Amino acid sequence: MRWLRENWIDALIFAVFAVTVVGIVLFLTGVNPFKTKAPSGVTAPVPIASPAPDETAPAGADAEAPAAEEPVTVVPLLPAAPETATEPPAGAAPSEPAAATAPAATAAPAGRTETAPPPAAPAGPETGIFRVSVGAFGNPLNALALAQKLEAQGYAVRLEPVGRVTRVAVGPFTRRGDAVQAAERLAGYEPQIYRGDSPEPTQTYLQVGAFKQLASAEATVRTLRDQGIGPVVLQYRKPWIKVWVGPVAADQLTALKRRLVEAGFEVVEVR
């Protein structure tokens, strides 16, 4: 003890040096003598970081929801009840106006069924040329589809430009009674009977194609509609299906001709 009292400074320096050496050794070896050991078989819990607010998905949602697809609307070429034409422009009607469809029958008593009478043919001789109009369409593809369907059923069909629409007519019939019978069979199309052959158009059209194949006429019509050129009408007098653009006003004729030629069509003026 006497030595310690006389040499305490040397002892203190030695103790500090020893502690420093031990600390360096523990630091280099990674040993922490003050760390409390976990019980056997138990591991310390690992903290879980909470997700950021904008990373939290709603309950039940997929990690990456697919983008919503725009709904697709399918429009059939041949509607169940074909649209009927509005009154044709002046100068484009047949030689004698079509007779109006007879009004529907009044309500029948209970337990009794009555149907509307068939459309009457125009007054006149019992023989001649009669046709039955079964609809007119602003979309010529609808007129073409209806004509194809009626031909498959054995009818003679004609497509006639009437102003800006294409009329579908069945015939000709040489007797009034035959036209009435055809109208009765085609009652679902609200038929109208007219007498006389269809006159040539008095308005100006531009013909851009004449085809014997239905597919070729359809392709031409679709090309014109895709390019925003119209109205487009059809004339079909078997075997030729002619595609016309019009009617065209006189002040627009030159510009429309130029546009059609630039689009690759061979243009023929029809009057």
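Model, not experiment: these values are computed from the prediction. Both backbone and side-chain heavy atoms feed into the values below; hydrogens, waters and symmetry mates do not.
For the atom pair L146 CG and E151 CD, the distance stands at 10.5 Å (nearest 0.5 Å). To the nearest 0.5 Å, the span separating CG on L186 from CG on L150 amounts to 6.0 Å. To the nearest 0.5 Å, atoms CG (L12) and CZ (F17) are separated by 14.0 Å. Atoms CD and CG, from E160 and L234 in turn, are 12.0 Å apart once rounded to the nearest 0.5 Å. The distance from the CD1 atom of I241 to the CD atom of Q235 is 11.0 Å, given to the nearest 0.5 Å. Between the NZ atom of K242 and the OH atom of Y205 there is a distance of 14.0 Å, given to the nearest 0.5 Å.
Looking at L141 and E218, their side chains come closer than 4.5 Å, going by heavy atoms from C-beta outward. N139 is listed as a side-chain neighbour of N142, based on a closest heavy-atom distance under 4.5 Å. V248 is listed as a side-chain neighbour of L253, based on a closest heavy-atom distance under 4.5 Å. Side-chain contact between L256 and L206: present, with at least one pair of heavy atoms (C-beta onward) separated by less than 4.5 Å. The side-chain heavy atoms of Q207 and F265, taken from C-beta on, include no pair separated by under 4.5 Å.
Across every non-hydrogen atom of A147 and V157, the tightest pair is CB-CG1, 3.6 Å. Between G138 and R225, the shortest heavy-atom contact is O-NH1, 4.5 Å. When every heavy atom of P191 is checked against every heavy atom of V134, the shortest pair comes out as CB-CG1, 4.4 Å. In plain terms, the two heavy atoms of V132 and A179 that are nearest each other are CG2-O, 3.6 Å. The two atoms that bring P247 and R164 nearest to each other are CD-CG, 3.8 Å, heavy atoms only. Scanning both residues, P161 and V233, for their nearest heavy atoms gives CB-CG2, 3.8 Å.
Using a 4.5 Å cut-off between side-chain heavy atoms of Ile, Leu, Val, Met, Phe, Trp and Tyr, with links allowed through other members, V168 and L214 fall into the same hydrophobic cluster. Cluster annotation: V267 is connected to V245 through the hydrophobic network of ILVMFWY side chains, with a link wherever side-chain heavy atoms come within less than 4.5 Å. W240 and V208 are not part of a single hydrophobic cluster, where members link through side-chain heavy atoms under 4.5 Å apart. Hydrophobic clustering, with ILVMFWY side chains joined whenever heavy atoms are under 4.5 angstrom apart, keeps V180 apart from I129.
Cation-pi geometry between R167 and Y189 is not satisfied (NZ or CZ under 6.0 Å from the ring centre, within 45° of the ring normal).
Panel note: side chain T220, backbone S216; a donor-acceptor pair is recorded below 3.5 Å. S133 places no side-chain N or O within donor-acceptor distance of the main-chain N or O of A169, the cut-off being under 3.5 Å. Listed for the Y236 side chain is no donor-acceptor partner under 3.5 Å among the backbone atoms of L144.
Other residues, nucleotides and ligands place more than 12 heavy atoms under 6.0 Å from the CD atom of Q153. In R175, the CZ atom is not crowded: 12 or fewer heavy atoms of neighbouring residues, nucleotides or ligands sit closer than 6.0 Å.
Of the charged side-chain nitrogens involved, at least one lies within less than 4.0 Å of a carboxylate oxygen, so that K257 and E269 count as a salt-bridged pair.
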_The test is side chain to side chain contact (heavy atoms under 4.5 Å, CB included); show your working for F173 and R131 and say whether it passes._
CA-CA 6 Å; F173 303 95; R131 296 186 187 275; 5.8 Å; no

